[in-house]
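Everything numeric in this text was worked out from a predicted model, so none of it was measured. A note on names: the letters A, B, ... follow the listed sequences, proteins ahead of strands, and every chain is numbered from 1.
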Protein chains: 2
Amino acid sequence: MEYEQLKLGNQVCFPIYAASRLITRAYQPLLDQLDLTYPQYLVMMVLWENDQVSVNTITDKLILNTNTVTPLLKRMEVLGLITRKRSETDERSRTISLTEKGLKLREQAALVPMQLAEKLDVGELNIDEIIDLRDKLNRLIEAIKN
Amino acid sequence: MEYEQLKLGNQVCFPIYAASRLITRAYQPLLDQLDLTYPQYLVMMVLWENDQVSVNTITDKLILNTNTVTPLLKRMEVLGLITRKRSETDERSRTISLTEKGLKLREQAALVPMQLAEKLDVGELNIDEIIDLRDKLNRLIEAIKN
DNA sequence: TGATGAAATATCGCACGCGATATAAAATTG
DNA sequence: CAATTTTATATCGCGTGCGATATTTCATCA
């Protein structure tokens, strides 16, 4: 059994990669109604939890780089969801704030998690297993981040 | 506790999304030595396990669409790793085959899984937990695929 | 057998995602 | 305080990833 370690079925990383894309696909029809992409939805979740944050705060929470987040935020500004003002205390920094429209969207978005849970069909994995999955992934993430 | 379901920390999907990207980042320095990207490495794994397959086989195994895979394969053809011949029995189909160079690369690639495991630092999650994680993800994937 | 539908792959446009690099402002340091 | 380093964000180029649509060939069926 040479090269056993190179088989797809023996990989942990591939299921994570595949699951990530499948989940994004499952979200998309729901998010279309909010005119958001999945990464944009994540940014909104950060802001709904904590308005008026720096770009750095967003990159940290979402574990993304500025070269991903800056254009993302610009598109969201065009959509009228956020503003990107320069910080008054530190001219290098930008303060990202929700607009009225962005804040309002939260009400519609509140339905999304439940709708997604239905799409994922809880039958295959029960709540405890989902929580266990989440915790293991979070530990894996911490391990990789060092 | 309004909008509790919209908090990042309560999501399962976000850790999957984040872990996927972190893993790809961790792979990249190792794959750079083989001049491969992570998706290209996945295609190679499919072919090393089963040479001479159709585009459809690859899209099925990797759960990707043709509009992702076709350009991916074209780039890999330019790299001299594969060939893309039209099938003789069905002119619509293409047979993807490894070149000598592509086949040879397997020897170097065989080291990658171990090198990655070291990078991910097994300390945080032990082998049994990793296997459990993999199995839960595979069940989740099956559930989403319906 | 000719029309009609299905299957396999490809093209287009757009939004990420990131390594490498740039720019400007703040912090540090000699 | 001027020079240097660090920090925060932005730009560039390229490779995915995918919805929508097109193209070519095969299968089916009236």
Side-chain angles (χ1 to χ4, degrees), chain A residues 14 17-33 35-43 53-60 62-79 81-82 84-96 144, chain B residues 14 17-44 53-60 62-79 81-82 84-96 144:
Chain A
F14 174 66
Y17 164 78
S20 176
R21 286 181 299 97
L22 285 172
I23 286 172
T24 305
R25 284 190 206 171
Y27 263 114
Q28 211 48 66
L30 306 174
L31 296 180
D32 279 346
Q33 298 171 32
D35 199 19
L36 288 177
T37 64
Y38 183 61
Q40 288 169 8
Y41 171 66
L42 293 178
V43 171
V53 296
S54 68
V55 174
N56 250 347
T57 304
I58 295 173
T59 60
D60 283 354
L62 302 185
I63 320 178
L64 286 166
N65 301 325
T66 57
N67 48 6
T68 297
V69 170
T70 296
L72 187 57
L73 293 174
K74 282 186 174 180
R75 284 186 287 269
M76 294 176 71
E77 189 179 34
V78 172
L79 289 171
L81 298 172
I82 62 164
R84 301 164 59 245
K85 297 198 218 315
R86 291 230 169 265
S87 162
E88 288 172 14
T89 53
D90 184 342
E91 281 287 312
R92 293 171 303 178
S93 182
R94 275 189 195 269
T95 303
I96 310 301
I144 304 179
Chain B
F14 173 66
Y17 164 78
S20 177
R21 287 181 298 95
L22 285 172
I23 286 173
T24 305
R25 283 189 206 172
Y27 263 114
Q28 212 47 65
L30 305 176
L31 295 180
D32 279 347
Q33 299 172 30
L34 316 188
D35 200 19
L36 288 176
T37 64
Y38 183 61
Q40 289 169 5
Y41 172 66
L42 293 178
V43 170
M44 293 304 283
V53 297
S54 68
V55 175
N56 249 347
T57 303
I58 295 172
T59 60
D60 284 355
L62 302 185
I63 320 178
L64 286 166
N65 301 325
T66 58
N67 48 6
T68 297
V69 170
T70 295
L72 187 55
L73 292 175
K74 283 186 174 181
R75 284 187 287 269
M76 293 176 72
E77 189 179 33
V78 171
L79 289 172
L81 297 172
I82 61 164
R84 301 164 60 243
K85 296 198 219 315
R86 291 228 169 268
S87 162
E88 288 173 13
T89 54
D90 184 343
E91 280 286 312
R92 292 171 303 180
S93 182
R94 275 188 194 270
T95 303
I96 310 300
I144 303 179

Look only at the side chain of B:Gln28 and the backbone of B:Leu36, and say whether a donor-acceptor pair between them is shorter than 3.5 Å.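 It does hold such a pair.
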
Short question: side chain of B:Asp90, backbone of B:Arg92 - any donor-acceptor pair under 3.5 Å? yes

Residue met sooner reading DNA chain C from 5', once A:Arg92 and B:Thr68 are mapped to nucleotides: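 Checking each residue's closest nucleotide, the 5'-ward one belongs to B:Thr68.
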
Where the side chain of A:Arg94 is defined as all heavy atoms beyond and including C-beta, which of D:dA10, D:dC18, D:dT24 is the nearest nucleotide? D:dA10

Nearest whole Å is fine: how far is D:dC14 C1' from B:Leu36 CG?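 Rounded to the whole Å, the gap is 16 Å.
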
Roughly, in whole Å, what's the span from CG in B:Leu42 to P in D:dG15?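 Going from B:Leu42 (CG) to D:dG15 (P), I get 17 Å.
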
Point-to-point distance, once rounded to the nearest 0.5 Å, from CG of A:Asn56 to OG1 of A:Thr59: 4.5 Å

Spacing of A:Leu64 atom CG and A:Ile58 atom CD1 [to the nearest 0.5 Å]: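 Reported to 0.5 Å precision, the distance equals 10.0 Å.
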
Just to be sure I understand the rule, does [X] reach a base, reach only the sugar-phosphate, or reach nothing, if contact means heavy atoms closer than 4.0 Å?
X: B:Thr66; value: base
X: A:Arg84; value: sugar-phosphate
X: B:Asn67; value: base

Identify the 5'-most and 3'-most nucleotides of DNA chain C with at least one atom closer than 4.0 Å to a non-hydrogen atom of chain A.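 First and last nucleotides in contact are C:dA15 to C:dA26.
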
[N], OP1 or OP2 - any side-chain N/O from [X] closer than 4.0 Å?
X: A:Ser87; N: D:dA8; value: no
X: B:Asn65; N: D:dG17; value: no
X: B:Arg75; N: D:dC14; value: no

Mind grabbing the angle between the end helix axes of the helix from C:dT1-D:dA30 to C:dG30-D:dC1? Five pairs an end, 10° rounding. 10°

If I compare all heavy atoms of B:Leu62 with all of A:Arg21, which pair ends up nearest, and what's the gap? O-NH2, 2.8 Å

Exercise: identify the closest heavy-atom pair between B:Thr66 and B:Pro71: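 The answer is O-CD, 4.0 Å.
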
Give me the residues of residues 18-32 of chain B where at least one heavy atom lies under 4.0 Å from an atom of DNA chain C, by number, or none.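 Residues of residues 18-32 of chain B under 4.0 Å from DNA chain C: B:Arg21, B:Arg25.
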
Go through the steps for A:Ile23 and B:Tyr17 under the test side chain to side chain contact (heavy atoms under 4.5 Å, CB included), then give the verdict. CA-CA 8 Å; A:Ile23 286 172; B:Tyr17 164 78; over 6 Å; no

